[in-house]
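All heavy atoms count here, side chains included; hydrogens, waters and symmetry mates do not.
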Number of protein chains: 4
Amino acid sequence: MRRTREDSEATHQQLLKAGLRIFSEKGYAAARLSDVAYAAGVTRGAIYWHFKNKKDLFLALFRKNVDPLFDTIKDVLEDKSSPLGKIRTILTIVLEKIDTDADFRANQNLEFAETKLLSDIPELQQYLTNRAANSYKLFIDMIESGVKNGEIRNDIDANSVINIFSAMIRGYCFISSRKDFLTFAGDIDTEQMINIFIQGLKA
Amino acid sequence: MRRTREDSEATHQQLLKAGLRIFSEKGYAAARLSDVAYAAGVTRGAIYWHFKNKKDLFLALFRKNVDPLFDTIKDVLEDKSSPLGKIRTILTIVLEKIDTDADFRANQNLEFAETKLLSDIPELQQYLTNRAANSYKLFIDMIESGVKNGEIRNDIDANSVINIFSAMIRGYCFISSRKDFLTFAGDIDTEQMINIFIQGLKA
Amino acid sequence: MRRTREDSEATHQQLLKAGLRIFSEKGYAAARLSDVAYAAGVTRGAIYWHFKNKKDLFLALFRKNVDPLFDTIKDVLEDKSSPLGKIRTILTIVLEKIDTDADFRANQNLEFAETKLLSDIPELQQYLTNRAANSYKLFIDMIESGVKNGEIRNDIDANSVINIFSAMIRGYCFISSRKDFLTFAGDIDTEQMINIFIQGLKA
Amino acid sequence: MRRTREDSEATHQQLLKAGLRIFSEKGYAAARLSDVAYAAGVTRGAIYWHFKNKKDLFLALFRKNVDPLFDTIKDVLEDKSSPLGKIRTILTIVLEKIDTDADFRANQNLEFAETKLLSDIPELQQYLTNRAANSYKLFIDMIESGVKNGEIRNDIDANSVINIFSAMIRGYCFISSRKDFLTFAGDIDTEQMINIFIQGLKA
DNA sequence: CATGAATGAGGTTTCATTCAT
DNA sequence: AATGAATGAAACCTCATTCAT
């Protein structure tokens, strides 16, 4: 039984961690609170000390690290390298994270899978929308400046780039999470994937 | 209540159709059989006449039209056009289907989301694996022949092409299903997306 | 397991009956649905076929026979006997019912005890208020006509009569339900109680 | 947190006060210790320092001021006024208390409502029974002396008087507690109620 | 074939109670 | 003396499943 303030905080973190794992493994509906409690080394009751209910625990996961993907992307978009350089950097970082950081992957998968739950909370939905809109604008600007300086081909519109870029990341996240089941996904050379994409954008 | 054989068959089809919709909307665990029954215009009991249980209904969805994606891909892979032509054709068809055919999209989403359930049925899992391996081999051959004839750049390996190709399709399927929530996904010009990808592969 | 329409209706009635008994014995909060189910000879699940939840079962009890006290009173108030005659009749009937009709008593006790729950349902609250207002008006009229024709003393106002009248009935209902615990309530001669009250009203 | 003896005593009193309010508002079963703690300005844990458990807190309420109604009644019964004068005095005091003293009313309501809990403690039950028997005897004597001296009508038996007297008090306590819900109970002239009752008893 | 009724397992939630600090 | 954290029993409730009709 945990007693001190630090112990309590530890329990809180354990629950978030366990929640992320269980929810992303099984999905929200199939996840049992007893699983989460067990994984966190406490009893079900403890969850209700730290969170209002199952959904509140789930949403706390999101509030804690809402879409670290956006943070990653935004930082790079705001640095000073060239447009294609930025895209390469982002993809390198993100695909690398997807491969190696199970929590990052879990977070992404959850966000992909449980869109319905998120939309229950207008406030959170709003937040995500704003973040996305924000990154979107930076991304568009970047592409357009790349076109202007002759680095990026001028026969494509920025919107299509965003779509293929997003699709690739999301798709890769899925593939990386399902390596066991996907026979062809054995060894993935992300650098080559990035090369292909960059090449497709070059002027 | 006396029913004719046609009525029964109609109910069966309704249940499959309803099942596909509900399962793909909510995911397997969150989907309630009462939802399915309601969507099919019958009561829960009827499901148990046509299917052994919830999982059996779910798997029947797959047995009915297992992975139409592979069918589509395979047909094109076996025709006589050039490698890049084939890739363009496949992407054109698949992305188009994703955009316009809700059942196709639902089917893909389910297969993406419920990998675990599918893998519960070794027979089905085996089948999927074989199909994938089959398509994979054809795909690899195609890329390699493209490289050989100078159409495709020679500094990439076929495996990476498959990965980026798969990721794109899966990611696009996700984006297309979530248009309501994704602000940037308003109007998507799939042709441009394809152009970018093809360009990236060119020698 | 009940199967026919009549069986189902029987179960429904059993549940209402059991609910009335258990709720009035233990109070809403302390009553367990398993008690109700057991008393009705079914399992807990059956309750949820017939009612939405615990509160819905409780409220169904009320909707079924909302305050039979009002019905009883109203019928007498509208007949043609003299004011004091009516009062005597009402008290005779009601106190008799309280003594002999366990369901009537249970119903009254529930309504007394669970005012809070009732006020959760504005519609029901409204209904009760209207019924009461209705009876109240008839009662006031009756007293005033009794005063006018010289049967009832003219130094009291009708409102006070209603209050003492209501208090007596409610109080008696309580005493009658607690005979086991109340040492003095052994043999109660309700006729004498009525006599005292009537005498107090006489001109 | 260091507390003085007075602080502790204050907490104890706060808990009793809060308990009385919460228990009488919600009933024993529906009352949560967290409600009580909150009302007393402490946390749940504190309750367990001062009382063994929930029931112990409840019973302490009674042990503290067991049935002030009996005290009130007994004092008057033992004074030297005439029988009908005593009855008038008792009713005047009690109905007044019910109207103005929320704690008195709460106490009565609790005792009325939670008879079963009280009877769990033989010692307390015994005490209440004795008090009641005691008052009962004094009351009977009073009535009979009233009959003997010609003040009270001789066609009624003392037992019936006790019953209607008790019913009135209990019923009035109920009505007074539910004024919000009872439309007719707006302004209650208790003196008139008493007059009616006294008049009913007069020879 | 299908329905309506009921079961029962298993999940979520509440809350009295315990206990280290 | 009191708090904050956690436990665990027991309640409510959901829902896949069964089954007489």
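- Close to dC1(E), at under 4.0 Å from its OP1 or OP2, lies a side-chain N or O of S8(B).
- K54(A) places a side-chain N or O within 3.5 Å of a backbone atom of Y28(A) that can act as its donor or acceptor partner.
- One interatomic measurement links the two molecules: OH of Y48(C) to C1' of dT17(F), which rounds to 19 Å at whole-angstrom precision.
- Distance R32(C) CZ to dC12(F) C1': 13 Å, rounded to the nearest Å.
- The CG atom of L16(A) sits 5.5 Å away from atom NZ of K64(A), with the distance rounded to the nearest 0.5 Å.
- For N53(A) and dT12(E), the CG to P distance is 11 Å, given to the nearest whole Å.
- The side chain to side chain donor-acceptor pair (under 3.5 Å) test applied to K55(D) returns D120(D), not counting sequence neighbours.
- Checking the phosphate oxygens (OP1, OP2) of dA1(F), no side-chain nitrogen or oxygen of T11(D) falls inside 4.0 Å.
- Between the CZ atom of R44(A) and the P atom of dG8(F) there is a distance of 11 Å, given to the nearest Å.
- Pairs of Watson-Crick or G-U wobble type, with distances under 3.5 Å, assemble into runs of 3 or more in DNA chain F at these ranges: E:2-21 with F:2-21.
- At the heavy-atom level, A31(C) lies under 4.0 Å from the strands shown only through sugar-phosphate atoms.
- Atom-to-atom, CG of D35(C) to C1' of dA11(F) comes out at 11 Å; the value is rounded to the nearest Å.
- Between H50(A) and dA6(F) there is a side-chain N or O to OP1 or OP2 distance below 4.0 Å.
- With sequence neighbours left out, the side-chain contact (heavy atoms from CB on, under 4.5 Å) criterion links E9(D) to H12(D), Q13(D).
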